[in-house]
Each structure stands twice: as structure tokens, then as C-alpha cells.
Amino acid sequence: MREVETEIERKNFIRALFLAKKANLSEDKIKEIAHRAIWQAGGIGRNPYGVKQLAQELGYSKEEVKEILLEQAKREEESGNKKILGFCYDYRSGKYLDFHNWLERLLKEWDKINIDSGRG
């Protein structure tokens, strides 16, 4: 459990999720860390492959991922952290997209994202 907490403190939620599952932590704790990991991959990293990989490993649907990302985006906006939702270069489109446009593109192309090769 200490390893998991250390990774959470370091804001390394994807590693924390791996360790939490390995340690057989409670479903609630794993779910909490999973949501943070999805936000880290999607909201912060804007990584469609990472988001889909996590979703598949966790058994989350595209709609569940959308809800998780929108919920966290709302929290960020309410806390005044709007910069994180701002424009970021999206190499797949070759354009700068804000978070909501990036999410829209992710959901539209969800089925085309091939996580096996990291290429869509």
C-alpha cells in the first residue's frame, strides 16, 4: 500500500493503478486511482492510445471514459485551473485543440484507435 501512496504523491497515477491492482486493493480505491489515471492520460497528456489502453484494461466503455474525463474537466474548471483545458497540439490532426475538441475527436475516432501498434 505504501508504494501506491508514494506513486500517488508523485502524481504517477498510471503506475499507482498498476500497483493497486497488484496489491488487490479495494474496488473503490482502484476505481478512484483509475479515474485519476484516465484523466492523467487524457486530460493532461492528451494521449488517445493511453486512454484507450486504460479503458480496455479496466473494462470501461467509451461512454464511461467520456463521463470520467468530463467530470474531471468540470472540477478543473470550477477550481480555476482552466489552463489545463486550453489548447494543446494534437499530432494526429496537426492542429491545436482545446480539451473539449480533443475529447470530441477521441470519441469520434475511438474505434479506429489501434492500441496494439500505437497507431490509429
Side-chain angles (χ1 to χ4, degrees):
M1 180 64 180
R2 183 64 201 141
E3 281 183 287
V4 175
E5 293 302 324
T6 298
E7 294 304 328
I8 289 171
E9 288 167 12
R10 292 178 179 162
K11 298 189 184 312
N12 189 353
F13 300 111
I14 295 169
R15 174 122 174 96
L17 176 60
F18 169 78
L19 293 171
K21 289 174 75 174
K22 187 176 173 185
N24 291 319
L25 297 186
S26 73
E27 286 300 314
D28 287 342
K29 186 65 175 176
I30 289 173
K31 181 178 176 181
E32 173 194 329
I33 298 169
H35 287 206
R36 294 174 85 175
I38 287 172
W39 174 251
Q40 186 173 47
I44 298 170
R46 310 271 174 100
N47 180 342
Y49 304 106
V51 171
K52 188 162 183 185
Q53 177 77 43
L54 284 168
Q56 284 188 346
E57 287 179 16
L58 295 163
Y60 287 176
S61 70
K62 175 172 74 169
E63 282 304 310
E64 287 172 307
V65 169
K66 176 184 174 183
E67 289 174 25
I68 291 165
L69 290 171
L70 286 174
E71 183 180 305
Q72 185 60 38
K74 182 179 177 185
R75 278 195 219 118
E76 295 290 342
E77 195 166 10
E78 288 172 352
S79 71
N81 192 10
K82 295 179 183 180
K83 184 177 180 182
I84 203 163
L85 304 175
F87 289 87
C88 185
Y89 184 74
D90 177 62
Y91 74 93
R92 293 185 61 169
S93 67
K95 299 177 182 174
Y96 284 87
L97 303 175
D98 69 9
F99 170 75
H100 293 286
N101 287 330
W102 178 85
L103 179 58
E104 184 179 309
R105 182 175 167 86
L106 170 71
L107 298 172
K108 184 175 143 189
E109 296 183 350
W110 186 263
D111 294 329
K112 296 177 187 174
I113 297 170
N114 180 356
I115 58 170
D116 294 328
S117 66
R119 296 185 169 97

Can you check whether Ile115's main-chain N or O pairs, donor with acceptor, with Lys52's side chain at less than 3.5 Å?
-> no
Minimum heavy-atom separation for [X] and [Y], please, with both atom names.
{"X": "Gly50", "Y": "Ala41", "result": "C-CB, 4.2 Å"}
{"X": "Ile38", "Y": "Leu69", "result": "O-CD2, 3.7 Å"}
{"X": "Ala16", "Y": "Ile8", "result": "CB-CG1, 3.8 Å"}
{"X": "Ile84", "Y": "Arg46", "result": "O-NH2, 2.9 Å"}
{"X": "Ser79", "Y": "Glu76", "result": "OG-O, 3.0 Å"}
{"X": "Trp102", "Y": "Pro48", "result": "CZ2-N, 3.8 Å"}

What's the verdict on side-chain contact (heavy atoms from CB on, under 4.5 Å) for Leu70 and His100, showing C-alpha distance, side-chain angles and the deciding distance?
-> CA-CA 8 Å; Leu70 286 174; His100 293 286; 4.0 Å; yes
Salt bridge present between [X] and [Y] (N-O < 4.0 angstrom):
{"X": "Arg105", "Y": "Glu109", "value": "yes"}
{"X": "Lys21", "Y": "Glu57", "value": "no"}
{"X": "Glu7", "Y": "Arg10", "value": "yes"}

Please say whether more than 12 non-hydrogen atoms of neighbouring residues, nucleotides or ligands are located less than 6.0 Å from NZ in Lys82.
-> no
Count the heavy atoms of every other residue, nucleotide or ligand shown that sit under 6.0 Å from CD of Glu3, and state whether that count exceeds 12.
-> no
Decide yes or no on side-chain contact (heavy atoms from CB on, under 4.5 Å) for Val51 and Ile113, but give the supporting numbers first.
-> CA-CA 10 Å; Val51 171; Ile113 297 170; over 6 Å; no
Side chains of [X] and [Y], heavy atoms from C-beta outward: is any pair under 4.5 Å?
{"X": "Ile14", "Y": "Leu17", "value": "no"}
{"X": "Glu67", "Y": "Tyr60", "value": "no"}
{"X": "Glu5", "Y": "Arg2", "value": "yes"}
{"X": "Asp90", "Y": "Tyr96", "value": "no"}

Kindly write out the residues that satisfy ring pair (Phe, Tyr, Trp, His ring centres under 6.0 Å) with Trp110, not counting sequence neighbours, or none if the list is empty.
-> none
Rounded to the nearest 0.5 Å, what's the gap from [atom1] on [X] to [atom2] on [Y]? Could you check?
{"X": "Leu106", "Y": "Phe99", "atom1": "CG", "atom2": "CZ", "value": "8.5 Å"}
{"X": "Leu103", "Y": "Leu97", "atom1": "CG", "atom2": "CG", "value": "11.0 Å"}
{"X": "Met1", "Y": "Asn24", "atom1": "CE", "atom2": "CG", "value": "13.0 Å"}

Enumerate, atom names and distances included, each donor-acceptor pair closer than 3.5 Å involving a side-chain atom of residues 29-37, sequence neighbours excluded.
none

